[in-house]
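Order of the sequence lines fixes the chain letters, A, B, ..., with proteins taken first and strands second; residue numbering starts at 1 for each chain.
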There are 2 protein chains.
Amino acid sequence: MSRAEPSRRGSRHGRAGIRDVAAAAGVSITTVSDALNGKGRLPDATRRHVREVADRLGYRPSAAARTLRTGKSGLIGLTVTTYGDEPFTFTEFAYFAEMARAATSAALARGYALVILPATSRHDVWSNVALDGTVVIDPSDHDPVVSDLVRQGIPVVSDGRPAGTLPVTAWVDNDHEAAVLGILDHLAAAGARRIGLLTGTSTDTYTRLSTHAYLHWCERVGQDPVYEKYPAHDPCAGAVAADRLLARPDRPDAVYGLFDPNGTDLLAAARRYGLRVPDDLLLVCCSESTVYATTEPPITTLSLKPRRIGTAVVQLLIDAIEGLDSGRPVEQVIPTELIVRTSSQRRPPRTTVSAPRGPSG
Amino acid sequence: MSRAEPSRRGSRHGRAGIRDVAAAAGVSITTVSDALNGKGRLPDATRRHVREVADRLGYRPSAAARTLRTGKSGLIGLTVTTYGDEPFTFTEFAYFAEMARAATSAALARGYALVILPATSRHDVWSNVALDGTVVIDPSDHDPVVSDLVRQGIPVVSDGRPAGTLPVTAWVDNDHEAAVLGILDHLAAAGARRIGLLTGTSTDTYTRLSTHAYLHWCERVGQDPVYEKYPAHDPCAGAVAADRLLARPDRPDAVYGLFDPNGTDLLAAARRYGLRVPDDLLLVCCSESTVYATTEPPITTLSLKPRRIGTAVVQLLIDAIEGLDSGRPVEQVIPTELIVRTSSQRRPPRTTVSAPRGPSG
DNA sequence: TCCTCTTGCAGAAACGTCTCTGTCAACAGT
DNA sequence: ACTGTTGACAGAGACGTTTCTGCAAGAGGA
């Protein structure tokens, strides 16, 4: 009586288990597992037979059971520091979207999936998912989540140089200081006399290092710093800050904006003040958005290469998970790219790509 | 001898298990489980004691074991149909980013996390993660992944009306046809005589329904359709298509662009042809991007309300997962919002319709 | 013929949790 | 005093895999 139960139980629950496959194929559980996972010493005939039966029954191995047994879930956490009550900033900055996309691709290519998790340590969510490792974007100084994960022996790789003594496994970042210095030099070479900066009020590494580099550059060339800060997470505050910057008595003749929307904000502000770009005002902003290629005029942007960063972060993380001594450095600096467009070139050859061919052209 | 082993084993593996907590607290496993999960009949003293011991040992319940036992993983899949070889379109359209963000928030608020998965049925990844349900954005006609999931009894909710006989649990979508008709009426009311459309070559529901609505409207008002198609996934193709549209002999005096970047593309194209917006050309595009608020001129956009959609999709899905008969309809239509800006409003003083300045004018 | 080695497969023990089913004491009701 | 009830906990399966160990049978060598 009780002997008939096991085979029943499997099918009663809806999905077929490995036991059902074994019974249907007339082999043992071991053989099924080996056949499907390509392990063990089995003749091809048996392997084919088992696979066929498994297909016929629509067998799907239980991920939970496998994870429990092997200790590997194939899941990687992805978390972004939060500014407001929303868990993410995907929308505000194309950077995050690009980075996340690249990270997802890279993870999938190696058989892992990404789980989006809140930066806040919502215990119930974090502890309910078995993670093999975690990617942290812009971790704050003493992120409790990161420390917790590391204490559990889970690898953590951060996008952004960890501040303080944050014990990450590895990190990837740009050389933000070099990037800012490069832009300032670029603007100065284009004829800028007084370069302004649009920066943020938050204390993350990116903002801090970039602002510091700006101040350092000013000191070096003997220019008085001209900058405005605003809370970068507020989409409206950027326009106001841009306006403030151009309204100053010591109005700059060139501006670098640290955040993605600064380009359009500055352009709009310049228009309000009757400033022509690039003739009266040179403009550069840090952005991954393609809209700046078609604005009037096109705006020079600094790309942080989020795709390369996302890929690198995931590679490092998976190497750590799988215990591979990949030989890759655990601290990688990805070069930035300055995409020079009209807005930062004084009296450029005015022709852009194609001359107008319309009736009025 | 063998009695001492179990307690050792737990700590040897690094992380403390429920057994270790039970031993350290001097109670049984059952009591620990009940104490931590708030079940059973335990005096508060015992409960507190157990919790304290668990904290001291840094006990974290194994998500895999819990999932295996309870059958619930707290994980929701999120998948987007892919156009190219990249798994997503996050970047190209702010819509996806917004929607995903809202969905993530809503899921986290109810204790679930989102797993990003490829639309292609990469078997190794899909079957390696235990999903309680899945959100599918823009499923194609006979998506094999969806059918597979449904066959396994996993709820699937789609963003976008499922085409064909796709067996989803529920869906949420806009009324795209009504939205397009509304925009065309809006443009006509602003004085448009010949309205053009910038549409896509792909066969997804959004593109299909929108195009159909346009053609239908044209037929109704007796206008010859003027539209250009292009592969929406290609960021460069949009600019070319916009150019084509304005280069036509029967050049429209108003254009609606179905995709996010169309606004800037059309604006740039108009500039090349010396057309003033909105005087010579009225412009509307479907976008969630805020850049259109500060372009010159600001462009009227149609918002599909991705945040509301993302939230609704997740609520429906979790209701289905938890077996709640929420009373919510399983087919929800979210209204769109037309954000009217300068680009679609003819200047008030101009009472007469401006004569078309083209060859056929 | 006997021993050894390999092949092909089966048994059974984990992995760590939840939960159903007890058990034992104390205590109240008749 | 005997039984029924309730509170407080313990025992012992599952859940569905993977994998270590082991057994039988045949192949090959001496």
What protein N or O atoms touch nucleotides 19-21 of chain D N or O atoms at under 3.5 angstrom, if any, and at what distances?
residue	atom	partner	partner atom	Å
D:dT19	OP2	A:Lys39	NZ	2.9
D:dT19	O4	A:Thr30	OG1	3.4

Review point. Between A:Asp132 and A:Gly74, which heavy-atom pair has the shortest distance, and what is it?
Key: OD2-N, 2.7 Å
Check your understanding: Do the non-hydrogen side-chain atoms of B:Arg110 and B:Ile321 ever get within less than 4.5 Å of each other?
Key -> no
Practice item. Remember a base hit wins even if backbone is also touched, and classify A:Arg47 as base, sugar-phosphate or nothing at under 4.0 Å, heavy atoms. Key: nothing
Check your understanding: So among B:Thr79, B:Val156, B:Val136, B:Val168, which one has a side chain to side chain contact (heavy atoms under 4.5 Å, CB included) with B:Leu149?
Key -> B:Val156
Check your understanding: Side chains of A:Tyr112 and A:Glu322: closer than 4.5 Å at any heavy-atom pair?
Key -> yes
Exercise for review: Tell me whether the OP1 or OP2 atom of C:dA10 has a side-chain N or O from A:Thr31 closer than 4.0 Å.
Suggested key: yes
Revision key, fill the gap. 5'-most contact on DNA chain D (nearest-nucleotide basis), B:Val27 vs B:Leu68, goes to B:Val27
Point to revise | Integer-rounded Å distance: C:dT19 C1' and B:Lys72 NZ | key: 17 Å
Review point. Using a cut-off of less than 4.0 Å, is there contact between a side-chain N or O of B:Ser28 and OP1 or OP2 of D:dA10?
Key: yes
Point to revise | Donor-acceptor side-chain pairing of A:Ser33 and A:Thr30 below 3.5 angstrom | key: no
**Study point:** Heavy-atom donor-acceptor pair, B:Asp34 side chain to B:Thr31 backbone, under 3.5 Å
**Key:** no
**Study point:** Touch class at under 4.0 angstrom, heavy-atom based, for B:Leu42 against every strand present
**Key:** sugar-phosphate
Exercise for review: Measure the distance from CD1 on B:Ile18 to P on D:dA10 and round it to the nearest whole Å.
Suggested key: 12 Å
Practice item. Identify whether any heavy atom of B:Thr67 sits under 4.0 Å from a base atom; if not, whether one sits that close to sugar-phosphate; answer base, sugar-phosphate or nothing. Key: nothing
Check your understanding: How is A:Arg66 classified with respect to the nucleic acid when contacts are heavy atoms under 4.0 Å: base, sugar-phosphate, or nothing?
Key -> sugar-phosphate
Check your understanding: Which comes earlier along DNA chain D counting from the 5' end, the contact point of B:Ala65 or that of B:Gly26, where each point is its nearest nucleotide?
Key -> B:Gly26
**Study point:** Rounded distance in Å - CG (A:Leu57) to C1' (D:dG16)
**Key:** 15 Å
Practice item. Could you tell me whether the side chain of A:Val150 reaches within less than 4.5 Å of the side chain of A:Leu166, counting heavy atoms only? Key: no
Study note, to complete from the structure: Here the distance between atom C1' of D:dT5 and atom CZ of B:Arg41, to the nearest Å, is 11 Å
